[in-house]
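The structure under discussion appears below in the form of structure tokens.
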Amino acid sequence: MIKIENVTKKFPGMEIPAVKDLNLEIKEGDICVLVGPSGCGKTTTMKMINRIHEPTSGSIYIDGQDALKMNPIKLRLDIGYVIQEIGLFPHMTIEENVATVPNEKKWPKEKTKKKVAEMLTLVGLDPELHGKRYPSELSGGQRQRVGVARAMATDPPIMLMDEPFGAVDPITRAKLQNEFLRIQERVGKTIVFVTHDIDEAIKMGDTIAVMRDGELVQHASPNDLLSAPADEFVSSLVGRNRSIKRLHLIRIREILSDLDRPKPAKVDTSVDDIRKQLDESDIRSVMVVDRDNKLKGIIGINDLKKKTGEQAADYIQELDQSVTSDATLNDALSVMLECGEGYVAVVNEDDQYQGTITLGDLLNVVKEDE
Amino acid sequence: MAKTLFRWLFVPLLLIAAGIVISVYTVNNPTDSLVARALTYDSILKSLREHLWLMLVSMIGAIVVGVLVGIMLSRPKLYYLGRGVENVVNVGQTIPSLAILALFFTIIGLGFRVAVFALFLYSILPILRNTFAGIINVPDSIIESARGMGMSPFRILTLIELPLAFPIIVAGIRTAIVINVGAATLATFIAAGGLGELIVIGLSLRRDMIVLTGASLAALTAIILDYLIGQVEAKVVKWV
Amino acid sequence: MSQGINIYLYFSKVFTGDMFMAVGQDRPGLISRTVTYIGRRSDLIWDLLLEHLWLIIVSISIAVVVSVILGVIISYKSSLAATVLTICQIMMTIPSMAMLAFMVPFFGIGFTTGVVALILYSLLPIVRNTYTGIKEISPAVVESAVGMGMTEWRVLTKIKIPLARPVIMAGIRTATVMIVGIGAIAAYVGAGGLGELIFQGISRSHEPMIIVGAIGVSIIALAFDFVLSWGERRLAAVGKVREAKQ
């Protein structure tokens, strides 16, 4: 989709080029994260794609077309653009801001209006409530959302994002990241994403391009980057706790099917059957589900000693938290730590039981890594 | 709508009414024949007309030229020239208005046109400076995201830069009007008429009534104009 | 007399191509006539210059005292602030010629009229800057001073006014530069100063007089602007050094 070939950028009056002989190919529908310390040329690289900066030499192809020979205005109209400071126009309402590119493309009014409402809803803002406000009346997180909505208003196949979630607090940031990934799953755009935060890169990226001093050091998937850093610089960038970072990358469903877990007990199973099941499989507790396979709770071997009932239902202890199979292993770990247990139940959106993940499973994953 | 318009115009209308009352009173109750001869409806209206005309022509010219030149200087190619012009403007504004009028008198001579031209040049300064400063102070991030979204330079100027610079440009125009209305009162010294003429006649005849009438009308004109432009400044910008 | 003619000839030769030389008139150029005029009437010009400076200094001194007190008062009584500032704003909007004219029936023709008008014009910039200068001081600074047991008077004189000084100074500069120009107009109501050269020059069509007056006032304005902005920067710099040392 985007192909950067031998691109060099030298700013006038600077001795050292900001970007040196860079080659990078980004596949359609991928999020490619450019990451590196400040001054490594990541932002410059991104800004050469929509020709905010013109490359000194080399070429850039978008969909096979030479971007440097295209009319820059036309090129930019088809590339979504979100920058760090967001750059919302303070004198325009939220609606007017989001309608910027549709207006530049001279869309009919009705179509623009519909699209604006749709985009605001997509990023989780209420068009009725927020549409007529001015940027100064919104919170930082809301402004970031508007920035994203504005960039995506005309459905550009490509988006350039320069630290789009940089100016908000960590909690809002994580929320925006998750929401953005959810949106991306639906829209599947080709995205160039610039950040200096390696954790964000690992979370957001399908591929990560690590840059230093204007040069590309390594371009790989997050998993490969963590398991096989190209050199000292990359491994110091990803840091010591690479193994823990890998937990961010793996989703529960990826390991769940490989695990051999005892079947859950039904609520109307008799106590004796449960005790037998536990004794046979040498485990100390079992999950309990109802007829629709919905998770009800857990029964431990010690609970059964009280002998006050006949059915499993009488002994169930409810669980504080569970995770969905979409969550990452890191989320599973957090839940375990929060609840102080060595396991966590996995359910789907309808609360139906999918399996159980234990601390041991996580250790196995990390161990494979080393 | 009508109500807000009324509230908007209440103060100016009140001040205009005060001006009319003063004029009617002094014309009908002259203290002696000298005052009666100097203060007639005709003479007052003539001075007022000259005064407003002097301001109107010079201000419109100054706004057009000041804003256009300010925009030109803010373009990247002329930016460094703009910085220099800013310094010249600052020095120009330090020079007193009477000195400017006097110097123009020695160069071009007497009359209405000379006064208009001097006022025009003098009023350009704050407008030009504020237009330039207003545009170049628009944050880079806003310009860049506009560029990144595919806006042409002309669209960026008209849709982003000028609207954002608007409050500062209006503040410049307000400064210019205050300077202009003050200097217009001096225009009488180079035979360009205006309300200053009543004051000068009154002083030379030693008749306080004439002096006070002229001074009141000049002051009221200045306050009304300042009030109106202040309203524009406060009401038009909704987004801050 | 013949000496004078020689000087005329000399300067008109030096300034051949003088852009102000009246075409077809056998008369030296304006610049040369001006230089001659300065040479001939240097005593008068010098007196008027001193008179002008005196007018400015008297007015601005009184204005500074009055305005700073007024600014301090409204910084304590914020209910008064809007009213006082609006009145000062309106006063500054009134054309200077009109303002001077208003003074004449009360103070007659002369120096006093000029001084009163100039003081009124100086109020707004100094009062406003004193007020904002004090208001902009971080509340934490004032609070810690009060917390350390300083009396309100000490807080004002030792903390607030010193911290607001650069801003007040900026107001004084604006006011001074402005009243240099208005001082020239005040000559019309008998306050004296270089404005007299301008008005007499216009009424007698004596161009060199006008030029000397106009350029003289401009130079005074520019000089005050230069000196006071230097002082302002010094004050601001001193403040910064103090901050840095803390």
Side-chain angles (χ1 to χ4, degrees), chain B residues 51 90-107 109-110 174 177-191 194-200 202-204 206-227 230, chain C residues 19-20 30 34 89-106 108-109 121 177-190 194-195 197-199 201-203 205-226 229:
Chain B
H51 199 79
N90 284 340
V91 172
Q93 276 210 288
T94 312
I95 296 174
S97 48
L98 181 64
I100 296 273
L101 274 172
L103 288 175
F104 268 83
F105 164 67
T106 59
I107 297 170
L110 290 168
R174 187 175 186 175
I177 285 184
V178 173
I179 294 173
N180 193 298
V181 79
T185 325
L186 303 174
T188 175
F189 293 117
I190 60 169
L195 290 168
E197 199 170 351
L198 288 180
I199 300 174
V200 170
L203 286 173
S204 57
R206 299 189 180 283
R207 289 296 179 279
D208 290 348
M209 193 174 218
I210 309 176
V211 174
L212 288 178
T213 307
S216 313
L217 293 180
L220 287 173
T221 313
I223 295 168
I224 290 170
L225 286 170
D226 187 57
Y227 178 83
Chain C
M19 62 178 282
F20 304 128
L30 184 56
T34 306
Q89 168 84 50
I90 292 173
M91 219 121 70
M92 215 167 104
T93 313
I94 296 173
S96 37
M97 193 60 199
M99 179 74 96
L100 289 162
F102 280 131
M103 300 292 130
V104 171
F106 303 100
I109 299 271
Y121 271 107
V177 171
M178 190 175 59
I179 66 169
V180 170
I182 300 170
I185 302 168
Y188 198 76
V189 294
L194 286 171
L197 288 178
I198 299 178
F199 288 117
I202 291 175
S203 64
S205 278
H206 192 309
E207 287 163 346
M209 270 176 103
I210 302 174
I211 300 258
V212 170
I215 290 180
V217 208
S218 307
I219 289 174
I220 297 178
L222 287 169
F224 268 117
D225 189 44
F226 181 78
S229 69

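To find a chain, count down the sequence lines: A is the first, B the second, and so on, and within it residues start at 1. The figures that follow rest on heavy atoms only: side chains count, while hydrogens, waters and symmetry mates do not.
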Heavy-atom contact with chain B under 4.5 Å, split by part of [X]:
| X | result |
| --- | --- |
| F199(C) | side chain |
| I202(C) | both |
| I109(C) | side chain |
| M92(C) | backbone |

Reported [atom1]-to-[atom2] distance for the pair [X] and [Y], which is rounded to 0.5 angstrom:
| X | Y | atom1 | atom2 | answer |
| --- | --- | --- | --- | --- |
| M97(C) | L198(B) | CE | CG | 11.0 Å |
| I198(C) | F105(B) | CD1 | CZ | 11.5 Å |
| T188(B) | Y188(C) | OG1 | OH | 7.5 Å |
| S97(B) | I182(C) | OG | CD1 | 8.0 Å |
| I95(B) | I215(C) | CD1 | CD1 | 9.0 Å |
| T106(B) | M209(C) | OG1 | CE | 13.5 Å |

When heavy-atom pairs shorter than 4.5 Å are enumerated against chain C, which of L220(B), L203(B), I179(B), V178(B) gives the highest number? L203(B)

Which is it for F189(B) and S203(C) under the side-chain contact (heavy atoms from CB on, under 4.5 Å) test, yes or no, and what are the steps along the way? CA-CA 8 Å; F189(B) 293 117; S203(C) 64; over 6 Å; no

Walk me through whether L98(B) and V217(C) qualify under side-chain contact (heavy atoms from CB on, under 4.5 Å). CA-CA 9 Å; L98(B) 181 64; V217(C) 208; over 6 Å; no

